Amino acid sequence: MPMQLSIIIVSYNVRYFLEQCLLSVQKAVRGIDAELIVVDNHSGDGSLEFLEPLFPAVRFIANSANIGFAKACNQGLAASSGRYILFLNPDTLVPEDCLEKCLEFIHTRPDAGAIGLRMLDGKGRFLPESKRSFPSLRASFFKLMGLAALFPSSRLFNAYALGYLNASEDHEVEVLAGAFLLARRQVLDTLGGFDENFFLYGEDIDLSFRIRKAGYRNFYFAGSQIIHFKGESSSAAPLDHTRFFYRAMLTFVQKHYRSRLAKQFGWLLGMAIALRGSLAFLSRLLKPVLLPLIDLALLWLSMQAMRGIWVREFRNGIDFHVAFVPYALPILSLVFVMAAALAGLYDMLYKTSRSLVAVLFGALAVLAVYSILPESVRFSRGVVLCGALLGALLIIWFRQSLFTSLARWMGYEKELKGAIAVVGDPAEYAIVRSLLDEAMLRNVPLLRISPLHAGSDTIGTFDRLPIVCREHDVEELVCCEGLLPLSAIIERLASLQDEQIRPLFYLSGAHSLIGSDLPSQRGRSISVFSDYRLANPYQRRMKRVTDVLMAVALIVTTPVHFFFHPHPVALLKNCWLVLRGQRSWVGYRDQDTKLPPLRKGIIFPAVNPDNAIPEADAYYAKNYDWWQDLLIIVRSYRRLA
């Protein structure tokens, strides 16, 4: 007799999300004759090595390349034996009663070829892609123009996401999401599974279309729901993501629609790809330099304004008769920004104290440069000083207003200053504290919310969650599944949607916390096996580039070192060692470490004030940035020998 249910999960570089997904699924299949199959598309994060020993009952299939979602799903389908097949994304959490309810629903509807259900994001908000219609020219146009987002409940403008249908009721729909798609095996065998011409995106639309064409119906089931950490199961870059998505739409239209409509659709999608690609390129181009350019403009405007005030108030309207003035103001503004940058103006932007120190350093640098100018080009020390101070105030003001508008787009994230609360029993609380300590995430006290009954060591109970979070200024909430079922946690998250709270999830036995990086909804994980930025190939390349460029710069300026450095010969010797790849300017204090490997360092990373000295190496590896390396080298100039 065939097995009742086969669950197929296609994984690619999401080991911590997949771990918690498998933990949730194992509980959801209790009492069900089911098998779990994971098809790994050549992950580079050690997923198989990490997970196979933890889940001996799961069948893992390892591919030697990323063959795409559709082909990997078919690979799992061929290895399965269930009467019903569930295709499930690895970045999902499935409540304990979910699969039983879904099987009961599809069993009572013989005409159902497949079903989907309510999907919620990491904060418990409904994901509109849970139910969709087939892409039409009009619906796609309204979606591309943003009208669907402006009028989410409109039958006209949001026809693609069926925004006019009540998400809390069951409906027959056209398209089901591949993140959770439960289908009858006989239907999949008849249709041949997914179309492997789709690499990423669109394969669920195509399968949904063929199911209906074969005479079956697709249903959206509102009687259960899952968490889907949207975006984590796709690791494509934003531009690649856009290209994959629209090409998938074009492939679907060319396959199933009339040739004339397909041609019109092709033009529309081609324009969309070009537009989104151009915007993505401009965004990547502007983001790294936008804030320094804004600061430069604020400094230049401040000095121009102060020049006008000075001329009017102290010189009776007579301007400075120095030809260098128009050039001096932008040059001095540039000196200010460069000096402030070296002092950490663009590090940890959310820290006002850091910004204050940096802009004061910039003001002093401007005065120092001005003081060494030849007498013939000086014009007014008062204009320079007051202009620099006014500019510094404007920069600080802009930092404060930045995080209410453009911070996320520009890639900056405000530090969480509120409390972290753990919903769990004392044992779960201890595990979460250990995970946060290992990851060196935040050096703040942890609060505990009791799942059931209040105690002397708790700040409240789970049933009063919104009130407790407001009273204690909770900004991050770790929800532990143990005494509380996952279904209850998901239900309760809906009450926090109006709060500025980041939920994180911990399932019993997991080695990580997972959640969404709000508001973008990109998934993030906090693990006992901390992911170090210095292990990233890009960061390692940039470290080597920084080493070489600094060594070359120091060699080129050799005469200067014989005046200002206490050991110029030793410094030049170290430059040669760095160029040969035998040393790095910045390395670990402790060479006997399990951190990402580095060449032996000439100097060591600065100790973060929030961490003890033994943690300095780990903090450096976890938060590495080539710009920070540059700052360490410049600040440690006299110790480079």
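Quantities reported herein were computed from a predicted structural model and do not represent experimental measurements. Numbers here simply count residues along the sequence, with the first being 1.
The distance between the ring centers of Y16 and F50 falls below 6.0 angstrom.
Y12 and N63 share no donor-acceptor pair across their side chains, judged by distance under 3.5 Å alone. Residues D40 and S43 bring a donor and an acceptor atom of their side chains to less than 3.5 Å of each other. For S584 and K600, the side-chain atoms include no donor-acceptor pair closer than 3.5 Å. Defined by atom type and a distance below 3.5 Å, a donor-acceptor pair is present between the side-chain atoms of Y637 and H561.
With rounding to the nearest 0.5 angstrom, the CG atom of D425 is 7.5 Å from the SG atom of C480. Here the straight-line distance linking atom CD1 of I227 with atom CG of L486 works out to 7.5 Å at 0.5 Å rounding. Expressed to the nearest 0.5 Å, how far CD of E19 lies from CD1 of I514 amounts to 9.0 Å. To the nearest 0.5 Å, the span separating CZ on R599 from CD on Q582 amounts to 10.0 Å. Between atom CG of residue L447 and atom CD1 of residue I420 there is a gap of 9.0 Å, rounded to the nearest 0.5 Å.
At least one donor-acceptor pair closer than 3.5 Å links the side chain of Q20 to the backbone N or O of F505.
Ion pairing between R448 and E428 fails under the 4.0 Å rule for side-chain N and carboxylate O.
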